[in-house]
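Step one of this worksheet: look at the structure below.
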Amino acid sequence: MGMTMTEKIMARHAGLESVKPGDLIEAEIDLMMGNDITAPISIKRLKDIGLTKLPYPEKFFLVLSHYAPSKDIASAAQIMISRSFAKEQQLQHYYAEGSGIEHVILPEEGWVLPGELIIGADSHSCTYGATGCYSTGIGSTDLAAAMATGRLWMQVPETYKFELTGARPQYIMGKDLILHIIGMLGGDGVLNQTMEYTGDALRTLPMEERLTMANMAIEAGAQNGIFPYDDVTEAYLNGRAKKEYTPVHSDPDAKYAKHFKIDISKIEPLVALPWSPENVRTVSEMSGETVDRVFIGSCTNARLSDLRTVASIIKGHKVACDTLIVPGSKQVYRDAMNEGLFEIFLEAGATISAPTCGACFGGFMGVLGPDEKCLSTSNRNFVGRMGHPTSKSFLANPAVAAATALTGVITHPKDVAGREVVTA
Amino acid sequence: MQFEGRTWRYGDDINTDVLIPARYLSTSDPVELAKHALEDLDPNFVKEVQVGDVIVGGKNFGCGSSREHAPIAIKEAGVSCVIASSFARIFFRNSINLGLPILECPEAVAHAEAGDVLRIDLAAGTIFNNTTGQTYQAAPFPEGVMKIIRAGGLMNSIKEEVQAREATYASAK
Ligand code: SF4
């Protein structure tokens, strides 16, 4: 019986010939990640059982992303736990404040590679599946166990196949494709299973868009999202991959629990309404809905290509509402600055901050007040996600966010294209 | 392992942002976190919850972030067990790893109302509703998961391995 990519990766890392959905395995982990919120709990668990030295320090990545630079005294104290652990264990992969968001940094630096088995103590660790690895989010105790032993127990998921065909229309980004799927299947549509992508439309889907789609697998309840290894992957990893890697491919006779065919040429720009990413409408249906601010950032959509898209729409115009732009990593920040995008953003009246999660999860810098409405390029819009329990976030792609920033109402990018330029 | 407690009844898709809002994640102190469990959904919960109480939710319970602060907060608040029609995977793992009892049982959920007194036998997976007199059977845990539960959580299950290795460091000195 053939296996899917996910099954092959799990079998390979459990030292087994084959696995099938439902099997409980003990897998060797290639890379494990924690952040300033989740790692302190893992560190405490490890100290509690008397661990003084990590057996595989080179596999552990520690990223200060969520409350960094420290928001207040309590978050500073948490960061100090991570910092002193990094020092004590002489971690090579310690990302201090200002480095950015783990899910932007790790792919960008070429650490997450095809065929690997990766875990991260952050639910959006599924992002890395864009490069053809199995990657999933786990909790702090899981991370601690993996840090202590190099292994973790896992249950082999069923695989759902998503076959994407057709030409990608203008303004349609990975965000719209994944919102379309979540809207179609619901927030638990793929509960605890795998989303595997295939189809000729992938050829036109650059790595940045794949990262956005894999990022939001968890919003459909999936344990991982995974893309095949193809020319796009190879080109992306060329000169970037930090190690040798061995891609895996799904067998032609692999067994899929479900198979969905999606013609992407029919998809329109979408927006997810409060209080769930499954609450999807077309931007056209929502046009005219006012917002108080726009947030362009997060591990979903804060890569260089996203910022370029935003810049191409707002160049020469003024924003009509508070607009916060947060590059996803230090590299994105530097590239955007060197390309002149910051000048465009500042001219338009937007705010630019150092890379951080911050506003995405209502952490700090950009927190929403009572009833405040925000159009966000992030991945979640649960009650209280970005601030006050009565605040509302609408999720959309960066092009829609840019168009909305210019008008203060939810706007289709085509409706602002060709507007008269107001600034030089 | 047996528990008895009153039911706190919630709906589908109870996510980790409502179990413990992000604005409290600048600490991982269980006592602090417990003060804010579920406050955006049900401000009465922390005021009135009693040791032993049971949370009953619908499908996809615990969806959202990987924050272990969520099961930590409700466990510390006194909750003895969570029963739901289905659980999001990370929340399920976190609960098992931490030793927060958790059972999947759509039938028990369908017939439980706020305030019902439930008696739970974890090893047998049975849920007895004292208020209605009905008994329900939850799905059994796979053997690998039972092993973690019997060890008293994931860290306990790996403690020996870690301490044996630590001993070799000490003797190498
Ligand atoms: S950017 Fe938002 S979703 Fe992504 S890791 Fe940070 S808090 Fe989580």
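Reminder, nothing fancy here: chain letters follow the sequence lines and each chain counts from 1.
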**Request:** Quick one: do Trp153(A) and Ile148(B) satisfy side-chain contact (heavy atoms from CB on, under 4.5 Å)? Show the steps, please.
**Result:** CA-CA 10 Å; Trp153(A) 68 277; Ile148(B) 297 168; 3.3 Å; yes
Straight-line distance of [X] [atom1] to [Y] [atom2], nearest 0.5 Å:
X: Ser28(B); Y: Ile37(A); atom1: OG; atom2: CD1; result: 10.0 Å
X: Lys59(B); Y: Asp188(A); atom1: NZ; atom2: CG; result: 3.5 Å
X: Asn15(B); Y: Ser276(A); atom1: CG; atom2: OG; result: 8.5 Å
X: Ile218(A); Y: Ser65(B); atom1: CD1; atom2: OG; result: 9.0 Å
X: Ser26(B); Y: Ile79(A); atom1: OG; atom2: CD1; result: 10.5 Å

Region of [X] in contact with chain A, defined by heavy-atom distances below 4.5 Å:
X: Leu98(B); answer: side chain
X: Arg67(B); answer: side chain
X: Thr27(B); answer: backbone

**Request:** Could you tell me which residues satisfy side-chain contact (heavy atoms from CB on, under 4.5 Å) with Gln193(A), sequence neighbours excluded, listed by chain and number?
**Result:** Pro157(A), Glu158(A), Tyr160(A), Val190(A)
Taking side chain as everything from C-beta outward and backbone as N, CA, C, O, which of these in [X] sits under 4.5 Å from a heavy atom of chain B? Side chain, backbone, both or neither.
X: Leu191(A); value: side chain
X: Phe361(A); value: both
X: Leu51(A); value: both

**Request:** Could you name each residue pair satisfying side-chain hydrogen bond (donor to acceptor under 3.5 Å, both in side chains) that touches residues 70-79 of chain A, not counting sequence neighbours?
**Result:** Asp72(A)-Ser75(A)
**Item:** Contact leader toward chain A among His69(B), Arg165(B), Lys159(B), where contacts are heavy-atom pairs under 4.5 Å
**Value:** Arg165(B)
**Prompt:** So which of Gly144(B), Pro71(B), Gly64(B) has the largest heavy-atom pair count under 4.5 angstrom toward chain A?
**Reply:** Gly64(B)
Do other residues, nucleotides or ligands put more than 12 heavy atoms under 6.0 Å from the [atom1] atom of [X]?
X: Met184(A); atom1: CE; answer: yes
X: Glu26(A); atom1: CD; answer: yes
X: Glu143(B); atom1: CD; answer: yes
X: Glu113(B); atom1: CD; answer: no
X: His36(B); atom1: NE2; answer: yes

**Message:** With side-chain contact (heavy atoms from CB on, under 4.5 Å) as the criterion, how do Thr141(A) and Met155(B) come out once you've worked through the C-alpha distance, each side chain's angles and the decisive distance to 0.1 Å?
**Reply:** CA-CA 7 Å; Thr141(A) 301; Met155(B) 293 317 283; 3.9 Å; yes
**Residues from residues 40-47 of chain A approaching chain B under 4.5 Å (heavy atoms)** = Ile41(A), Arg45(A), Leu46(A)
**Request:** Heavy-atom pairs under 4.5 Å with chain B are the metric here; pick the option from Ile138(A), Thr38(A), Val383(A), Asp48(A) that has the most.
**Result:** Ile138(A)
For residues 85-92 of chain B, dump all side-chain donor-acceptor pairs below 3.5 Å to protein atoms at least two apart in sequence or in another chain.
| residue | atom | partner | partner atom | Å |
| --- | --- | --- | --- | --- |
| Ser86(B) | OG | Asn60(B) | N | 2.8 |
| Arg89(B) | NH2 | Thr136(A) | OG1 | 2.5 |
| Arg89(B) | NH2 | Gly137(A) | O | 2.8 |

**Donor-acceptor pair, side chain of Arg380(A) and main chain of Asp17(B), under 3.5 angstrom** = no
**Item:** Where Leu154(B) and Ala145(A) come nearest, the two heavy atoms and their spacing
**Value:** CD2-CB, 3.4 Å
**Message:** So which atom in Leu24(A) and which in Pro142(B) form the shortest heavy-atom distance, rounded to 0.1 Å?
**Reply:** CD1-CB, 3.9 Å
**Request:** Go through the steps to decide whether Asn97(B) and Asp142(A) satisfy the test side-chain contact (heavy atoms from CB on, under 4.5 Å), and finish with yes or no.
**Result:** CA-CA 7 Å; Asn97(B) 290 345; Asp142(A) 274 327; 2.6 Å; yes
**Item:** Minimum side-chain heavy-atom gap His388(A)-Arg23(B) below 4.5 Å
**Value:** no
**Side-chain donor-acceptor pair present, Thr52(A), Glu166(B), cut-off under 3.5 Å** = yes
